[in-house]
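Here the structure comes first, spelled out in C-alpha cells, and everything after it is commentary.
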Amino acid sequence: MRNPIVAGNWKMNGSASFAAKMSQQVNVFAAGLNVEVVLSPPSVYLSQVQQAAESYSTAAQNVHFAASGAFTGEMSVSMLQDLGCEYVLVGHSERREMFAENEQFVAKKVAAVVGASLQPILCIGETLEQRHSGQAFDVVKQQLLSAISGLELTAGQLVIAYEPIWAIGTGETATPEQAQEIHSYIRGVLAEQVSAEMADKTRILYGGSVNAETASQLFSQPDIDGGLVGGASLKIEDFKNICSAAANR
Ligand code: 13P
C-alpha cells in the first residue's frame with residue numbers, strides 16, 4: 001500500500017505570522033493521521049516552517065540544478081538539505097509557463113534533486129487545448145519520460161503530481177474518472193518504461209482545484225495517492241478536511 005501524501009503548495013502567499021500559525025495547527029491535526037502531510041511555503045519561510053515541523057514534511061517550491069555559483073535568486077539542493085527539507089516541486093506548470101522552464105531544464109532539476117537524495121514532486125499536465133485535441137496522454141507521457149530518462153531512481157523516491165492546467169486555480173476540478181484515467185495511464189507508463197516496482201511504489205497526486213468537497217471522491221480512486229493543493233491549502237479547515245479525506249480513503 002502506498003502511503004498517501006497531501007501537499008499544500010502555498011505558491012506566493014502567506015507571511016511569517018501565517019506560517020507560524022499554519023505550522024502549529026498542522027502539527028496538531030496531522031499527528032496520528034495516516035497520511036503524509038507536506039507544506040510548501042515560499043522559500044523565504046521554508047526554514048521557519050521546517051524548524052516548526054513535528055508531524056509534517058516540507059517541500060521547496062523550486063531549486064536550481066547547479067551545485068553553487070552565480071545564479072542570483074536561486075537555491076541549490078545542498079541548501080535544501082541544510083534545512084532538512086525532503087521534497088522539491090519540479091516542473092510546476094506556473095514555472096514552465098511563466099518562467100520559461102523547458103523539459104531539459106526540468107530534467108536537470110529532477111536529476112539534481114534525486115542526486116541529493118531528496119524527493120522530487122514532478123508536476124505534469126496538459127492544457128485545455130491539448131485535452132480537447134486528444135493529446136492529454138501523449139503530453140503527460142512526454143513530460144514524464146523527458147524528466148526521468150537516464151536517471152537511477154529508487155522505487156518510491158519519485159512523486160508525481162498530475163495537474164491539468166485547465167483545473168489549476170480555476171475552480172474546475174477534473175472529475176474523479178478523468179483523473180483516475182490519467183493516473184492509471186501514468187502508472188502504466190512507469191511499469192512499461194521503468195519497472196513494475198517503480199509503478200507500484202510511485203505516489204501519484206492529483207492537483208487542480210482540490211477542495212474539501214471534491215477530495216474524498218478523488219482520493220478514493222485506486223491510482224490517486226493524495227493531492228497537491230493550492231488555494232485550499234491556505235485555509236486551515238479546508239486543508240485539514242482534505243488531509244482527513246486522504247487518510248480515510
Ligand atoms: P489550486 O488548488 O489552487 O488549483 O492549485 C493547484 C496547484 O497548482 C498546486 O500546485
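One is the number of the first residue; the rest follow in order along the sequence. Every number for a ligand or one of its atoms is a count from 1 in the order of the listing.
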Practice item. Using side chain to side chain contact (heavy atoms under 4.5 Å, CB included) as the criterion, point out the one residue from I121, L228, L190, V140 that pairs with I160. Key: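 When I121, L228, L190, V140 are each tested with I160, the side chain to side chain contact (heavy atoms under 4.5 Å, CB included) holds only for L190.
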Practice item. Kindly state each residue pair satisfying salt bridge (Lys or Arg N to Asp or Glu O under 4.0 Å) with at least one member in residues 70-87, sequence neighbours excluded. Key: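 Found none.
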Practice item. Only pairs at least two apart or in different chains count here, so list each salt bridge (Lys or Arg N to Asp or Glu O under 4.0 Å) that has a residue in residues 149-171. Key: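 Found none.
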Check your understanding: When you check the side-chain N and O atoms of E129 and T127, is any donor under 3.5 Å from an acceptor?
Key -> no
Between the protein and ligand 1, which nitrogen or oxygen pairs come in under 3.5 Å, and how far apart is each?
unit_1, atom_1, unit_2, atom_2, d
ligand 1, 2 (O), S209, N, 3.4
ligand 1, 2 (O), G230, N, 2.9
ligand 1, 3 (O), G231, N, 2.8
ligand 1, 4 (O), G169, N, 2.6
ligand 1, 4 (O), S209, N, 2.7
ligand 1, 5 (O), K11, NZ, 3.2
ligand 1, 8 (O), K11, NZ, 2.8
ligand 1, 8 (O), H92, NE2, 2.8
ligand 1, 8 (O), E163, OE1, 3.4
ligand 1, 10 (O), N9, ND2, 3.0
ligand 1, 10 (O), H92, NE2, 2.9
ligand 1, 10 (O), E163, OE1, 3.3
ligand 1, 10 (O), E163, OE2, 2.9

Review point. For atom NZ of K108, is the number of surrounding heavy atoms from other residues, nucleotides or ligands below 6.0 Å larger than 12?
Key: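 For K108, atom NZ is not crowded (no more than 12 foreign heavy atoms under 6.0 Å).
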Exercise for review: Give every residue pair that meets the ring pair (Phe, Tyr, Trp, His ring centres under 6.0 Å) criterion with at least one member in residues 11-35, sequence neighbours excluded.
Suggested key: W10-F18
